[in-house]
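In listed order, ligands and their atoms are each counted from 1.
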Amino acid sequence: MKVGFIGLGIMGSRMAANLQKHDYEVIIFNRTQDKATSLINNGALWADTPEVVAKQVDIIFTMLANPEAIMNAALGEHGFLDNLAPNSLWVDCSTVNPSFSRQMAMLAQDKQVRFLDAPVAGSKNQAEKAQLVFMVGGDATDVKTCEPLFEAMGSRFIHVGEHGMGTSLKLANNLLLGTTMAAFAEAVTLGEALGISQEMLLNVLLGGAVAAPFLSTKKEMLEQDNYEAEFPLQWMQKDLHMVSIAAHDSGVAVPVTSNVKELYRLAMQQGLGEKDFSAIYSFLKQGF
Ligand SMILES: NC(=O)c1ccc[n+]([C@@H]2O[C@H](COP(=O)([O-])OP(=O)(O)OC[C@H]3O[C@@H](n4cnc5c(N)ncnc54)[C@H](OP(=O)(O)O)[C@@H]3O)[C@@H](O)[C@H]2O)c1
């Protein structure tokens, strides 16, 4: 089966590689072609535009930074949406707000293209090891079509409900991820300022009941003050902004998220946007 894949960053490049390992013929496009080199060396077909991808496939995946990037790829010059065959399927794995997913589903429907929002839980390592968890919104028949593809890239998929429900669950997940990381960084920073060693703080807090399990995977980054991105801080800030939009759309207040979102923005202004989001610790530590 020929599968299109657009967006070959940290996540998309690894997801596409896992499709290749399962013998799918993968046709790829990325704004920056360099990131496609190893996939091409392993047999993927490069397309010069999203339009060229669309003309060759029945299923197309997008794993892009944000709504703007998705709009560019889908509807910009040489975009893919006008060029997919009727009844083909677009699976958007990017993290976006649910109303945007629903808008994409409607635009796709206008072109007789089926749509799933299927963002993922898991980061660089899980993408590499095909251990992602897909949170899916859309029709059950379309989810069924994608089942083998989800299985090639992940360990689990959850059909949450109709269009926009996959991204809804994903935002609840990332609200917790982003605020928890910031709270942990703040706790360690305070402890150190009060005279406790970083070593003791990390060992005691991470060994106790209050720290979330994912925080242990960030321990080495904090210890070594080296934040090579698994999940770029700028996309965490973007995700919390997506949460703000979703909260506004649904009339919910998200005061904790709003504060933390601005904290990540301040860190971006200090040049930390492309670092891992755990670099929020280094940002908070600057002050002393
Ligand atoms: N990393 C994680 O742990 C993780 C986990 C779950 C979900 N996500 C989500 O997955 C998506 C991709 O994240 P990532 O970590 O793979 O990020 P990334 O490495 O920064 O990749 C971003 C991708 O979007 C493309 N892009 C960015 N701006 C664009 C624009 N204006 N026009 C066209 N293409 C554009 C990039 O193209 P270039 O290569 O040309 O820059 C690249 O293909 C995001 O929605 C993120 O929130 C990430």
Side-chain angles (χ1 to χ4, degrees), residues 4-18 28-40 44 46-51 53 60-80 91-98 100-101 104 117-136 153-157 166-167 169-178 181 214 217-218 221 227-243 245-246 261 264 268 272-279:
F5 210 109
I6 296 180
L8 304 171
I10 294 170
M11 299 298 283
S13 58
R14 290 167 173 81
M15 294 163 73
N18 283 325
I28 53 176
F29 172 80
N30 193 54
R31 181 180 60 175
T32 309
Q33 188 175 353
D34 288 359
K35 295 187 189 172
T37 306
S38 88
L39 290 165
I40 294 169
W46 172 259
D48 281 331
T49 63
E51 173 183 355
V53 178
I60 193 163
F61 281 81
T62 42
M63 188 47 160
L64 291 160
N66 50 29
E68 183 199 357
I70 297 164
M71 292 293 273
N72 280 347
L75 299 164
E77 200 182 351
H78 302 297
F80 64 80
V91 186
D92 184 26
C93 298
S94 325
T95 306
V96 296
N97 54 304
F100 180 79
S101 295
M104 292 304 104
D117 46 294
V120 298
S123 192
K124 181 180 168 184
N125 290 336
Q126 290 73 25
E128 183 129 6
K129 294 177 188 157
Q131 289 174 349
L132 295 172
V133 176
F134 288 84
M135 304 171 180
V136 192
M153 296 182 279
S155 56
R156 192 176 165 208
F157 67 90
T167 41
L169 183 56
K170 173 63 182 169
L171 289 189
N173 184 79
N174 276 28
L175 180 164
L176 207 49
L177 187 69
M181 185 71 243
F214 86 87
T217 68
K218 302 296 182 189
M221 287 192 188
Y227 305 96
E228 189 189 330
E230 291 176 352
F231 181 17
L233 189 147
Q234 61 186 341
W235 303 149
M236 176 49 82
Q237 197 275 344
K238 174 266 303 184
D239 286 1
L240 297 186
H241 183 59
M242 301 287 106
V243 170
I245 296 172
K261 170 183 136 182
Y264 284 111
M268 286 166 69
L272 295 173
E274 292 181 11
K275 299 288 183 190
D276 191 73
F277 75 112
S278 56

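Contact annotation: Lys170 has at least one heavy atom less than 4.0 Å from an atom of ligand 1. Using a 4.0 Å heavy-atom cutoff, Lys238 is listed among the residues neighbouring ligand 1. The shortest heavy-atom distance from Ala127 to ligand 1 is not under 4.0 Å.
Applying the 6.0 Å contact sphere to NZ of Lys275 captures no more than 12 heavy atoms from other residues, nucleotides or ligands.
Polar contact check, Glu68 against ligand 1: no nitrogen or oxygen pair lies under 3.5 Å apart. Annotation: Met11 places an N or O atom under 3.5 Å from an N or O atom of ligand 1; distance criterion only. The distance criterion of under 3.5 Å between nitrogen or oxygen atoms is not met by Asn66 with respect to ligand 1. For ligand 1, the polar-atom distance check against Gly12 finds no nitrogen or oxygen pair separated by under 3.5 Å. Taking only nitrogen or oxygen atoms, main chain and side chain alike, Ser94 does not reach within less than 3.5 Å of ligand 1. Between Leu64 and ligand 1, an N or O atom pair is found at a separation short of 3.5 Å. On a distance-only criterion, Leu8 and ligand 1 share at least one N/O pair closer than 3.5 Å.
To the nearest 0.5 Å, atom CE of residue Met153 and atom CD of residue Gln126 are 15.0 Å apart.
In this structure, Tyr264 and Phe277 have tilted ring planes: the angle between them lies in the 30° to 60° band.
Side-chain contact check for Asp34 and Thr32: no donor-acceptor pair (N or O, by modelled atom type) lies under 3.5 Å. For the residue pair Lys129 and Asn125, no side-chain donor N or O sits within less than 3.5 Å of a side-chain acceptor on the partner.
Heavy atoms of Thr95 found under 4.0 angstrom from ligand 1 belong to the backbone as well as the side chain.
Close contacts of ligand 1 with Asn30, meaning ligand atoms under 4.0 Å from a residue heavy atom, involve 37 (O), 38 (P), 39 (O), 40 (O), 42 (C), 43 (O). Proximity to Gly7 (heavy-atom distance under 4.0 Å) selects the following atoms of ligand 1: 43 (O).
One finds a salt bridge joining Lys218 and Asp276 here, because a Lys/Arg side-chain nitrogen approaches an Asp/Glu carboxylate oxygen to under 4.0 Å.
Two residues are said to be in side-chain contact when any heavy atoms from C-beta on lie closer than 4.5 Å; Phe80 and Val53 fail this criterion.
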